[in-house]
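Reviewing the structure listed below.
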Amino acid sequence: MDNVQIAEMFSQMAKILEFKGENPFKIRAYVNAARSIKGLDEELALLYTSGNMGSIPGVGETLQKKIVEMLETGAFEAYERTTGEIPPGIIEIMEVPGIGPKMARLFYEKLGIISIDQLSKAAREHRIRRLPRMGEKQEDRILRSLIRLQQNRDHGRHPIALAMEIAREIKQELASNPHIESVFIVGSLRRKMDTVGGIDLIAFSNEPQKAIISFTGLDNVIEILQTSTTKASLIYKGDIKVELRIVDKECCGSMLQYFTGSREHNIHLRKLALSRGYILNEYGFTDVSSGRQTLCTKEKEVYDFLGLQYFPPELREDRGEIEASLTGKLPQLITKEDIKGDLHIHSNWSDGVNSIEELVQAAIQRGYEYIAITDHSPSTGIANGLSERRLLEHIEEIEHLQEIYDDIRIFSGTECDVRTDGKLDYSNDILERLDIVIAAVHSGLEQDRAKMTRRIIAALENEHVDILAHPTGRKFGRRPAYDLDMDRIMTVAKEKGKALEINSSPWRLDLDDINARKAKEHGVMIAISTDTHTIEHFDNISFGIDVARRSWIEPDDVLNAMNLKEICACLGVPKE
DNA sequence: GCCGTTTTCGGCCCGACTGTTTTCAGTCG
């Protein structure tokens with residue numbers, strides 16, 4: 001079992017216990033443990049074998065034993081026993097948004113409902129509204145929730161690129177409204193998560209009601225979910241949920257901080273505040289003894305108050321940043337200005353749109369010191385992969401352009417297929433003639449963990465390979481990452497001096513933040529590349545940088561943050 | 001069930017919103 005599955009078991013256990021009316025603090029312990037496990041960088045199975053399970057916050061002796069049980073048997077006895085005591089469909093009912101353990105219990109006790117179908121039927125027959133503390137609106141809400149659930153299975157999250165574009169569009173429209181002074185993007189989008197569940201905005205306005213009306217009246221609104229005097233949420237084009245809050249200027253620092261999250265980061269801050277005698281909420285700090293309130297108009301003041309350094313939003317995940325800040329050890333995160341070149345680019349020689357010359361000119365415009373043209377190898381037939389003969393012509397073309405453009409270094413390269421047996425798609429004689437070799441898996445994706453790990457390690461062991469592209473192969477909405485022994489791959493990468501890629505394509509973002517952080521901890525170099533197929537893709541670099549920043553990556557960890565002299569030395573190629 | 005810079009017992013993060021009530025329970029973030 002992996003971490004997500006184990007966390008899910010604990011979450012479910014909490015709901016079941018609540019359904020049964022058990023001790024609320026015991027329930028919270030399960031909730032806390034689940035949350036803590038979800039945020040872990042390391043696999044529980046590894047922590048178990050290395051004897052480090054005691055280090056997980058919120059997981060004490062009892063829950064550790066249950067984790068071991070799950071790792072060994074796929075379940076734990078207490079879970080089996082407790083779920084056995086309630087009808088099986090109850091768990092599914094509690095998964096419906098808006099229905100928690102208490103309602104599920106009410107429906108069960110009063111109407112004998114033990115399945116989603118029965119719930120749906122009861123709602124349509126207006127039996128729900130007659131229950132205590134229920135009514136017409138509750139019944140309606142449940143029905144809509146059930147319908148939405150049916151429609152939206154697996155379509156809950158949106159890639160950051162799409163969400164960011166919509167957020168900026170809305171922000172711009174709202175900012176031009178006379179009733180609205182400023183608009184800020186908050187939530188997971190501000191923290192630059194690779195996918196987001198929705199868009200959260202906050203704004204200042206001296207006419208909140210009018211601001212809300214102009215928000216709900218935007219052109220591309222599909223459905224208004226809820227409105228109040230200071231808040232509204234709606235479904236926008238692209239089926240994305242957008243939420244806007246109007247907040248007071250005098251506490252806007254606290255509001256920005258609070259609504260940016262993450263939830264885990266905020267919980268940690270509140271506990272820290274409490275240990276120092278203050279209650280922290282979205283308005284500011286309250287002194288527990290005197291009741292005196294301190295409002296924060298700037299976000300930085302919240303952190304100053306607690307004696308912490310300012311956290312870039314990308315770090316706010318409670319993955320050790322607060323501890324690091326207390327000891328003054330926050331990383332100096334990589335920025336766009338640190339990037340000196342792009343090492344994964346396709347031209348119209350394979351499946352790209354632009355000529356090599358157009359790409360070179362675009363790179364010069366972006367101020368890059370170097371680029372690598374890395375067209376596909378023959379196995380990727382669908383992408384017009386280069387035969388050995390065409391690859392040699394490709395190298396000649398690059399040498400020719402290099403003579404014309406002397407203000408940028410053009411590396412000749414390849415994105416070379418790793419075949420199912422781990423062999424590369426070109427002979428070593430050919431690879432030797434290239435400045436840079438990226439190894440990549442494009443086929444045989446259904447291989448199991450052991451085979452795929454062996455295959456990739458074999459590629460990394462080839463002396464000519466410099467970088468492993470999109471290491472886990474995931475594509476949002478298309479396919480999950482393949483199962484890999486990342487620790488082994490990173491150990492080999494470190495040993496052999498190979499870099500791992502953060503592929504900046506918004507559909508890949510691979511490595512993700514968890515794996516990239518792991519790579520850094522292994523001391524493996526990272527290449528932040530765009531996998532450009534058309535000139536516009538150069539701009540995707542910002543998404544790759546977002547992932548790197550969420551992974552605590554600093555300029556020294558990044559291959560293409562090296563200047564020309566350094567990277568030539570690293571690749572073992574001449575500077576000119 | 002977890003946890004400790006007042007604690008191995010007695011606490012456990014905070015607030016908004018909704019819909020139902022007429023002071024609050026449940027859910028969510």
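Just so you know, these numbers come straight off a predicted model, no measurement behind them. In what follows, chains carry the letters A, B, and so on, assigned in the order in which the sequence lines appear, proteins first and then strands, with residues in each chain numbered from 1.
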With side chain to side chain donor-acceptor pair (under 3.5 Å) as the rule and sequence neighbours excluded, what pairs involving residues 195-205 of chain A come up?
A/R157-A/T195
In whole angstrom, give the distance that lies between atom CG of A/D140 and atom P of B/dG19.
10 Å
Determine the interatomic distance between C1' on B/dC9 and the same-named atom on B/dT20; round to the nearest Å.
39 Å
Re B/dG11: Watson-Crick or G-U wobble partner, both distances kept under 3.5 Å, found to be B/dC2
What is the distance from CD of A/E243 to C1' of B/dG29, rounded to the nearest Å?
9 Å
Can you tell me the distance, in whole Å, between the CG atom of A/D200 and the P atom of B/dC17?
14 Å
Can you check the A/R105 CZ to B/dT27 C1' distance for me, whole Å?
17 Å
Mind calculating the distance between CD (A/E61) and P (B/dG4) to the nearest angstrom?
14 Å
Quick one: A/K241 NZ to B/dC17 P, roughly how many Å, whole number?
13 Å
Polar atom pairs (N or O), protein with nucleotides 20-24 of chain B, under 3.5 Å:
from: B/dT20; atom 1: OP1; to: A/G135; atom 2: N; distance (Å): 2.5
from: B/dT20; atom 1: OP1; to: A/G135; atom 2: O; distance (Å): 3.3
from: B/dT20; atom 1: OP1; to: A/E136; atom 2: N; distance (Å): 3.3
from: B/dC24; atom 1: O2; to: A/R133; atom 2: NH2; distance (Å): 2.8

Considering only atom C1', compute the distance from B/dT8 to B/dG19 and round it to an integer number of Å.
44 Å
Does A/T230 reach a base, just sugar-phosphate, or nothing at all? Heavy atoms under 4.0 Å.
sugar-phosphate
Pairwise P distance for B/dT18 and B/dC12, with rounding to whole Å:
28 Å
With sequence neighbours left out, what residues match A/C251 under side-chain contact (heavy atoms from CB on, under 4.5 Å)?
A/D248, A/M255, A/Y283, A/L295
For atom C1', what is the distance between B/dG15 and B/dG4, given to the nearest Å?
27 Å
Please list, pair by pair, any protein nitrogen or oxygen found under 3.5 Å from a nitrogen or oxygen in nucleotides 12-14 of chain B.
from: B/dC13; atom 1: OP1; to: A/R28; atom 2: NH1; distance (Å): 2.5
from: B/dC13; atom 1: O2; to: A/R270; atom 2: NE; distance (Å): 2.5
from: B/dC13; atom 1: O2; to: A/R270; atom 2: NH2; distance (Å): 2.4
from: B/dC13; atom 1: N3; to: A/R270; atom 2: NH2; distance (Å): 3.4
from: B/dC13; atom 1: N4; to: A/R263; atom 2: NH2; distance (Å): 3.4

Taking only residues at least two apart or on different chains, which pairs with a member in residues 19-40 of chain A satisfy salt bridge (Lys or Arg N to Asp or Glu O under 4.0 Å)?
A/K20-A/E85
Using atom P of each nucleotide, how far apart are B/dG29 and B/dT22 to the nearest Å?
29 Å
Between CD1 of A/I128 and C1' of B/dG26 the distance, given in whole Å, is 15 Å
With rounding to whole Å, what would you report as the distance between B/dG11 and B/dC17 at their P atoms?
31 Å
If you measure from the C1' atom in B/dA16 to the same atom in B/dT6, how many Å do you get, rounded?
34 Å
Has A/R168 got more than 12 heavy atoms of other residues, nucleotides or ligands less than 6.0 Å from its CZ?
no
Is it the case that the ring center of A/F10 lies less than 6.0 angstrom away from the ring center of A/F76?
yes
Quick one: label A/I27 by what it contacts on the DNA or RNA (base, sugar-phosphate, nothing), any heavy atom closer than 4.0 Å.
nothing
Sugar-phosphate, base or nothing in reach of A/K65, heavy atoms under 4.0 Å:
nothing
By side chain to side chain donor-acceptor pair (under 3.5 Å), A/S214 pairs with (sequence neighbours left out) A/N177
For A/Y278, give me all partners under side chain to side chain donor-acceptor pair (under 3.5 Å), at least two apart in sequence or on another chain.
none
So, OP1 or OP2 of B/dC2: does either fall under 4.0 Å of a side-chain N or O from A/T62?
yes
Rounded to whole angstrom, note down the P distance from B/dG10 over to B/dT21.
40 Å
For a side-chain contact (heavy atoms from CB on, under 4.5 Å) check, start with the C-alpha distance between A/I545 and A/T335, then their side-chain angles and the critical distance, and finish with the verdict.
CA-CA 7 Å; A/I545 293 169; A/T335 67; 5.8 Å; no
For A/A203, enumerate each residue passing the side-chain contact (heavy atoms from CB on, under 4.5 Å) test, keeping only those at least two apart in sequence or located in another chain.
A/I180, A/V183, A/L244, A/I246
Applying salt bridge (charged side-chain N to carboxylate O under 4.0 Å, His left out), can you list everything that pairs with A/R316, at least two apart in sequence or on another chain?
A/E299
Give a yes or no on whether a salt bridge exists between A/E521 and A/R517, defined as a side-chain N under 4.0 angstrom from a carboxylate O.
yes
5'-most contact on DNA chain B (nearest-nucleotide basis), A/K26 vs A/V96, goes to A/K26
Please report the distance, rounded to the nearest Å, between CG in A/D248 and P in B/dG15.
16 Å
